[in-house]
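So the structure is just underneath, and the comments pick up after that.
Heavy atoms only: backbone and side chains are in, while hydrogens, waters and symmetry mates are out. This one's a predicted model, so the numbers in the text were calculated from it and none came from an experiment.
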Amino acid sequence: SSISVNSIDANSTLPADVAALCGSHAKSASRKRPNSYQVRDALTSKSRVLITGILGQVGFNLALALSEQCGVRTIIGIDGMYPNTISHRVEMAQRMATLYNAVPNLVRP
């Protein structure tokens, strides 16, 4: 899975407030290097995130975590997974239903 973030703000070159950053790794890195995360890097409800491999285990859990823990409301999901068996089709449909319920603005390109 890969991730791409697009969040535009007029003050995007200012350092982000540590409390505004999502995730312990981002907060820790920002404390060690205060200028390493700018306002534009903080994930918010205005952020748009592209996740490739969204139906795989990592992409699926990443989408849920970004929505639940970071407040990201717009996620674009791409996946080349093509289920070959009935059980895989059912699993994919269940994952898609979970994502649609958890992420209000889930976008399929």
Item to check | Sequence neighbours excluded, every pair satisfying salt bridge (charged side-chain N to carboxylate O under 4.0 Å, His left out) that has a member inside residues 91-106 | outcome: Glu91-Arg95
Checklist outcome for this item: Which of Val103, Ile76, Leu43 passes side chain to side chain contact (heavy atoms under 4.5 Å, CB included) with Val49? Answer is Leu43
Item to check | side chain to side chain contact (heavy atoms under 4.5 Å, CB included) assessment of Ile54 paired with Ile75 | outcome: CA-CA 10 Å; Ile54 195 165; Ile75 295 176; 4.1 Å; yes
Checklist entry - Side chains of Leu64 and Thr98: closer than 4.5 Å at any heavy-atom pair? => result yes
Item to check | Which atom of Ala42 lies closest to which atom of Ser47, heavy atoms considered | outcome: O-OG, 3.7 Å
Checklist entry - Which value, rounded to the nearest 0.5 Å, describes the distance between Met96 atom CE and Phe60 atom CZ? => result 11.5 Å
Next on the checklist: If the condition is side chain to side chain contact (heavy atoms under 4.5 Å, CB included), which residues does Thr85 pass it with, not counting sequence neighbours?
Outcome noted: Ser87, His88
Checklist entry - What is the distance from atom CG of Leu99 to atom CG of Leu106, rounded to the nearest 0.5 Å? => result 6.0 Å
Checklist entry - Taking all non-hydrogen atoms of both residues, which atom of Ala26 and which atom of Leu21 are closest, and how far apart? => result O-CD1, 3.6 Å
For residues 66-74, which side-chain donor-acceptor pairs fall under 3.5 Å, sequence neighbours excluded?
unit_1	atom_1	unit_2	atom_2	d
Ser67	OG	Arg73	NH1	3.0
Ser67	OG	Ala102	O	2.8

